[in-house]
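Here the structure comes first, spelled out in structure tokens, and everything after it is commentary.
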Amino acid sequence: MIYNIHHLHCGTMCPACAPLIHQKGIQAHIICHCLLVETDRGLVLIDTGLGLQDYLHPQQRLGSLIHQLGQIELNTGLSAVQQIQQLGLNPKDVQHIFVTHLDFDHAGGISDFPQATVHVLASEFNTTQSLSFKNRIRYKTNQFKQHRFWNFIEHTQTERWFNLEKVTGLPLFQDEILMIPLLGHSAGHAGIAIKQAEGWILFCGDAYFSSLELDASKQLKGLHLFESILAYDNKMRLHNLKQLQSLAQQQPQIELICAHDLQEFIRYRPLS
Ligand SMILES: [Zn+2]
């Protein structure tokens, strides 16, 4: 049973790539949008943004390349763990974490919740273990290598969910929280669908970066270049983006949210 959904802003990055992602100026403003869901099975985090240790020891955790190029705002108040305390809730009540993928800006908070079970597609976790040059930049395994409780989800068993697929055999939340494989940005990237009183929220992680992309008629060359450079499989990414574009058009009861769009975030909450 889902009682409440909070929108958390768990990181700000300002790399010098604003024109590429259709923002004004030179420094982009990229946020890390995460969700905190209050349920009858405790608190559930959807993505974790950057964590306390990333803010305290950015060089060690993220390496100097990310630290310098990312221009990360070092503010421990943005960690999910401190925001949960601010809300008057207990971080120890976080029982489950669903991650869209394990890039450093999504997995950093895992270590702040050692008691929680992390649900992730197995193909995503497996990729973090083979560290090619590109993987070494995007995945910082020291963010989560000590974590003990994992649920590695195979996505061979799926069922139709609107024009996408949902992973079956995830009985924890009685079909109120679903994993929707949205492969492409990374090897095992997934969206997380959360049932609301009416309709759904589909948290799409990095399956798109700006809500402008949900309109197929928009020409966003810079953004598409940026995303294709980051992508593990660009063909698959484009296929899934197309599916999300038709979902946005045809199913108004589904709220689509991605991880990094400031405009989407302020629809729910002003930036503090
Ligand atoms: Zn990201």
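Only this structure's heavy atoms are used, side chains among them; waters, hydrogens and symmetry mates stay out. Start at 1 and go down the list; that is how both ligands and their atoms are numbered.
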Nearest to the Zn ion (ligand 1) - the N/O/S atom of Asp105, by atom name: OD2
Kindly say whether the aromatic ring centers of His96 and Phe173 come within a distance under 6.0 Å. yes
Could you pull out the atom name of the N/O/S atom in Asp206 that is nearest the Zn ion (ligand 1)? OD2
Would the number of heavy atoms belonging to other residues, nucleotides or ligands and lying under 6.0 Å from CZ of Arg148 be above 12? no
I'd like to know: is the Zn ion (ligand 1) within the 2.8 Å range of an N/O/S atom from His260, strictly under that distance? yes
Do Asp261 and His33 have side-chain N/O donor and acceptor atoms under 3.5 Å apart? no
Using 2.8 Å as a strict upper limit, say whether an N, O or S atom of His106 approaches the Zn ion (ligand 1) that closely. yes
Metal proximity, Asp103 vs the Zn ion (ligand 1), N/O/S cut-off 2.8 Å: no
If we count only N and O atoms by modelled type, under 3.5 Å, do the side chains of Gln146 and Ser111 hold a donor and an acceptor together? no
Please check if the number of heavy atoms outside Ile26 that lie under 6.0 Å from its CD1 is greater than 12. no
